[in-house]
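Have a look at the structure below, then the notes.
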Amino acid sequence: MRGMDAYLSRETNGTITLDAAAAKQEGYSSEAINHVTDNLSEMNEMIAHGATSDDSFTVTAFSKISRAGGQSKVVRHWTGLTEIYLNSSEAEELAKKYDVAADAAGYLSGFLFKWSVPAAGALAASAIYYTSAAQIRAYNKGKGVIICMMPNTETGGYITWVTSQ
């Protein structure tokens, strides 16, 4: 996808479009073009609901300003990278919800173990949830966090990481 932004344009209403025919002619794969087109469709939906776009083909949706530390917004890039900014209060609330999910995964793991069902999946889910809550708390520090998600076009999943604001 590197360089495909040369085939993007920003319309007067803020929406972003891809000249798919020109990108295809330049040698970009149908998969890469479809990935960008699908992402732009979702970004344009955000714009239709009040988000703004800029000349770097990035869309930003802001939340209300609060007294909590950090910003509260979502930033979406044409490549598919999504940055979720949570202020310190939202980050702690999310960490609490992860704690509950981890408890549920742990309970399910115990239930499956009782019935001699291999519980590797439930144990893995529990570890993921605990790690996520721990990461959010570690990076929050009263300033809020950014949860970054980049689509992995090979697996269909996401590469996800957490950082401080």
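Quick note: numbers below take in every heavy atom, side chains included, and nothing from hydrogens, waters or symmetry partners. All values reported here derive from a predicted model rather than from experimental measurement.
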**Asked** Hey, does Thr17 have a side-chain heavy atom less than 4.5 Å from the side chain of Leu8?
**Response** no
**Single-linkage hydrophobic cluster Met1~Leu18, side-chain heavy atoms < 4.5 angstrom** = yes
**Request:** Please report the closest heavy-atom contact between Ser53 and Gly14, naming both atoms and the distance.
**Result:** OG-O, 2.6 Å
**Asked** Would you say the side-chain atoms of Ser88 pair up with the backbone N or O of Gly144, donor to acceptor, closer than 3.5 Å?
**Response** no
**Message:** What I'd like to find out is whether the side chain of His77 reaches to under 4.5 Å of the side chain of Glu83, using heavy atoms alone.
**Reply:** yes
**Asked** Lys97: what forms a salt bridge (Lys or Arg N to Asp or Glu O under 4.0 Å) with it, not counting sequence neighbours?
**Response** Glu93
**Request:** Measure the CG-OG distance between Leu86 and Ser72 for me, rounded to the nearest 0.5 Å.
**Result:** 6.5 Å
**Prompt:** How long is the gap from NZ on Lys143 to CD on Gln165, to the nearest 0.5 Å?
**Reply:** 9.0 Å
**Prompt:** Taking side chain as C-beta onward, heavy atoms only, is Met4 less than 4.5 Å from Trp78?
**Reply:** yes
**Request:** Say whether Lys24 and Ser30, considering side chains only, have a donor N or O and an acceptor N or O under 3.5 Å apart.
**Result:** yes
**Message:** Using the side-chain contact (heavy atoms from CB on, under 4.5 Å) definition, which of the options Asn34, Asp38, Asn39, Leu40 pairs with Val36?
**Reply:** Leu40
**Request:** Quick one: pull up CD1 in Ile84 and CD1 in Ile146 and give me the separation to the nearest 0.5 Å.
**Result:** 11.0 Å
**Request:** Report yes or no: is the cationic atom of Lys73 (NZ for Lys, CZ for Arg) closer than 6.0 Å to the six-membered ring centre of Tyr85, at no more than 45° off its axis?
**Result:** yes
**Fill in**
For Tyr7 and Ala22, the nearest pair of non-hydrogen atoms, with its separation, is CD2-CB, 3.7 Å
**Closest approach of Ala138 to Lys141 (non-hydrogen atoms, all atoms of both residues)** = O-CE, 3.0 Å
**Asked** At what distance, to the nearest 0.5 angstrom, does CG of Asn44 lie from CZ of Arg76?
**Response** 10.5 Å
**Message:** Looking at every heavy atom in both Gly80 and Met150, which two are closest together, and how far apart are they?
**Reply:** C-SD, 4.2 Å
**Asked** Would a distance-only check, ignoring hydrogens and angles, find a side-chain to backbone donor-acceptor pair under 3.5 Å from Thr58 to Asp54?
**Response** no
**Request:** Could you check if a side-chain atom of Glu45 sits within less than 4.5 angstrom of a side-chain atom of Thr15, using non-hydrogen atoms only?
**Result:** no
**Contact check, side chains of Leu81 and Cys148, non-hydrogen atoms, under 4.5 Å** = yes
**Asked** So how far is it from Ser56 OG to Asp5 CG, rounded to the nearest 0.5 Å?
**Response** 9.5 Å
**Over all atoms of both residues, closest heavy-atom pair of Ile147 and Thr160** = CG2-CG2, 4.0 Å
**Message:** Please tell me whether Thr60 and Thr52 have a donor and an acceptor in their side chains that are separated by less than 3.5 angstrom.
**Reply:** no
**Asked** Any side-chain heavy atom of Thr79 within less than 4.5 Å of one from His35?
**Response** no
**Complete:** dist Asn140:CG -> Ser89:OG (nearest 0.5 Å) comes out at 8.5 Å
**Message:** Quick check: do Ile47 and Val59 have side-chain heavy atoms less than 4.5 Å from each other?
**Reply:** yes
**Message:** I want to check something: taking the side chain as every heavy atom from C-beta on, are Thr163 and Val145 in contact at a cut-off of under 4.5 Å?
**Reply:** no
